[in-house]
Number of protein chains: 2
Amino acid sequence: MDGLTQRQQEILDFIRGFVESEGMPPTRAELARAFGFKSPASAEEHLRALEKKGAITLSGMARGLRLTEPSGLPLVGQVAAGAPLLAAENVVGHYPVSPNLFKLRADYLLKVRGWSMRDAGILDGDWLVVHKASEARDGQIVVARVDDEVTVKRLKRKAGRAYLIAENPEFSPIVIELARTPLVIEGIAIGVVRDLNAI
Amino acid sequence: MDGLTQRQQEILDFIRGFVESEGMPPTRAELARAFGFKSPASAEEHLRALEKKGAITLSGMARGLRLTEPSGLPLVGQVAAGAPLLAAENVVGHYPVSPNLFKLRADYLLKVRGWSMRDAGILDGDWLVVHKASEARDGQIVVARVDDEVTVKRLKRKAGRAYLIAENPEFSPIVIELARTPLVIEGIAIGVVRDLNAI
DNA sequence: GTCCATACCGTAAATTTATACGGTATCGCG
DNA sequence: CGCGATACCGTATAAATTTACGGTATGGAC
């Protein structure tokens, strides 16, 4: 959504969470209670604004409110050099997966390019389920940024150096002198989803 | 759910579908309309019965109805020899994935045992997303039953024989003389889900 | 046969819910 | 400054929704 005011965004986020946890959209009164409004008319007004901006659809029935945007996780395809990972231009769609499927919260799905993690069972075209994080433990598979390129590798640290290790003997590890170059970690890989009929 | 009557099961199925497509539970009136009841009291009665049997929870509010059972796909773990794949004893849980994620309808998730499909990126411990089917095309990865054992392999047919081919040179193909032994296909693999933190 | 659970109808009341109308206050814009 | 958009309040009302009560009919269990 584009032109949402801060308040409207808060309302929308609340509705999203409400639907997720309660299994149904909130009423005007519930919205008013949650935000401290003393009149359901205030909630009504916000809903109208959200509808006019295309974020929701109202149908007139009790709890007759529908979210327009997909509620799933963003699919990050090709990553443009220099651009933030979740920049709109990188998001190619949404995937209706609940973020709580895995032990760590799933934040987005990243399309895997190339065969460098083949021996870990992560193939070209797979979707890597990523938990957004800027730190990672040794041995974890991470999404890292090296020279403005986003890469998926296994992380090892040793004596002031970080190693980004491919799981494929045809690729050699990337060595980072931590004193010289900071290691930028974008996230931790927590899962893999593959659509076998994607071709 | 166990003790549900046929009618109650129909109602429950309808509610499931309604929530899926409308994003909110149905009212008594909507239920009555859908089933041809001439009084919302009939719907109310069914809901009470479903609540007493633990299938749903009622909360008194408009559309205040919650499904008790997980709505996801059944997770099929170890498969007991001879037992149907989806027998209750084989189902170890439920996974909240919408069945429409893949091109073919996803019916259940099967836990992969062993490394015979390693080179296809299907590893021990992965969950194979399976579409229930009794027929498959050449080249597809299928869930098949051979000598009362469930196995995941790639299917090839040639001159009255079926070959179940592992994607790992350490395993040799299973050859089935179709004239002698029928090939029992349980489903077609349509996807893979791996939880990297499962350990 | 009697009893009980299931599956309906019809009616009606109590409560929720959506929604309209008329205010107040703030803020940025031209 | 006036103006429109945003963000609220208070009150009211029509409509939707839950839910109670009293019936009818059927079929299985004892």
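Chain letters run A, B, ... following the sequence lines, proteins first, then strands; residues in each count from 1. Note that this is a predicted model, so its numbers are computed, not measured.
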Trainee: Atom OG1 in A/Thr181, atom CD1 in A/Ile174: separation rounded to 0.5 Å?
Mentor: 12.0 Å
Trainee: What does the list of N/O pairs under 3.5 Å between the protein and nucleotides 24-30 of chain C look like, with a distance for each?
Mentor:
none

Trainee: What heavy-atom pair brings A/Leu123 and B/Gly121 nearest, and what distance separates the two atoms?
Mentor: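 Here A/Leu123 and B/Gly121 meet closest at CD1-CA, 3.9 Å.
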Trainee: Taking side chain as C-beta onward, heavy atoms only, is A/Ile15 less than 4.5 Å from A/Leu47?
Mentor: yes
Trainee: Output the rounded distance in Å from CG (B/Leu50) to C1' (D/dT19).
Mentor: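 Rounding to the nearest Å, CG of B/Leu50 and C1' of D/dT19 are 17 Å apart.
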Trainee: What's the CG-C1' distance between A/Leu47 and C/dA18, to the nearest Å?
Mentor: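 The distance from CG of A/Leu47 to C1' of C/dA18 comes to 10 Å, rounded to the nearest Å.
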Trainee: Side chains of residues 157-164 of chain A: which donor-acceptor partners sit under 3.5 Å, not counting sequence neighbours?
Mentor:
{"unit_1": "A/Arg157", "atom_1": "NH2", "unit_2": "A/Ala136", "atom_2": "O", "d": "2.5"}
{"unit_1": "A/Arg161", "atom_1": "NE", "unit_2": "A/Glu177", "atom_2": "OE2", "d": "2.7"}
{"unit_1": "A/Arg161", "atom_1": "NH2", "unit_2": "A/Glu177", "atom_2": "OE2", "d": "3.2"}

Trainee: Would you indicate, yes or no, if D/dT17 has its OP1 or OP2 atom less than 4.0 angstrom from a side-chain nitrogen or oxygen of B/Arg28?
Mentor: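 Checking B/Arg28 against D/dT17: no side-chain N or O falls below 4.0 Å of OP1 or OP2.
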Trainee: Looking for any heavy atom pair under 4.0 Å, which part of the strands does A/Ala29 touch: base, sugar-phosphate only, or nothing?
Mentor: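 Nothing: the residue A/Ala29, judged by heavy atoms under 4.0 Å, touches no strand.
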Trainee: Answer yes or no: does atom CG of B/Asp13 have more than 12 heavy-atom neighbours from other residues, nucleotides or ligands under 6.0 Å?
Mentor: yes
Trainee: To the nearest Å, how far apart are A/Gln9 CD and D/dA7 P?
Mentor: 12 Å
Trainee: Atom CZ of A/Arg33 to atom P of C/dA18: distance rounded to whole Å?
Mentor: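 Rounding to the nearest Å, CZ of A/Arg33 and P of C/dA18 are 11 Å apart.
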Trainee: Indicate the ring-plane relationship of B/His46 and B/Phe37, choosing parallel, tilted or perpendicular according to the 30° and 60° boundaries.
Mentor: parallel
Trainee: What heavy-atom pair brings A/Leu12 and A/Ala55 nearest, and what distance separates the two atoms?
Mentor: CD2-CB, 4.0 Å
Trainee: Between A/Arg48 and B/Met61, just flag the one whose closest nucleotide in DNA chain C comes earlier from the 5' side.
Mentor: B/Met61
Trainee: Is the distance between the ring centroids of A/His131 and A/Phe102 under 6.0 Å?
Mentor: no
Trainee: Hey, what are the protein-to-nucleotides 5-14 of chain C N/O distances that come in under 3.5 Å?
Mentor:
{"unit_1": "C/dA7", "atom_1": "OP1", "unit_2": "B/Thr5", "atom_2": "OG1", "d": "2.8"}
{"unit_1": "C/dA7", "atom_1": "OP2", "unit_2": "B/Thr5", "atom_2": "OG1", "d": "3.4"}
{"unit_1": "C/dA7", "atom_1": "OP2", "unit_2": "B/Gln8", "atom_2": "NE2", "d": "3.3"}
{"unit_1": "C/dC8", "atom_1": "OP1", "unit_2": "B/Arg7", "atom_2": "NE", "d": "2.7"}
{"unit_1": "C/dC8", "atom_1": "OP1", "unit_2": "B/Arg7", "atom_2": "NH2", "d": "3.2"}
{"unit_1": "C/dC8", "atom_1": "N4", "unit_2": "B/Glu45", "atom_2": "OE1", "d": "2.7"}
{"unit_1": "C/dC8", "atom_1": "N4", "unit_2": "B/Glu45", "atom_2": "OE2", "d": "3.0"}
{"unit_1": "C/dC9", "atom_1": "OP1", "unit_2": "B/Lys38", "atom_2": "N", "d": "2.6"}
{"unit_1": "C/dC9", "atom_1": "OP2", "unit_2": "B/Lys38", "atom_2": "N", "d": "2.9"}
{"unit_1": "C/dC9", "atom_1": "OP2", "unit_2": "B/Ser39", "atom_2": "N", "d": "3.4"}
{"unit_1": "C/dC9", "atom_1": "OP2", "unit_2": "B/Ser42", "atom_2": "OG", "d": "2.8"}
{"unit_1": "C/dG10", "atom_1": "N7", "unit_2": "B/Ser39", "atom_2": "OG", "d": "3.1"}

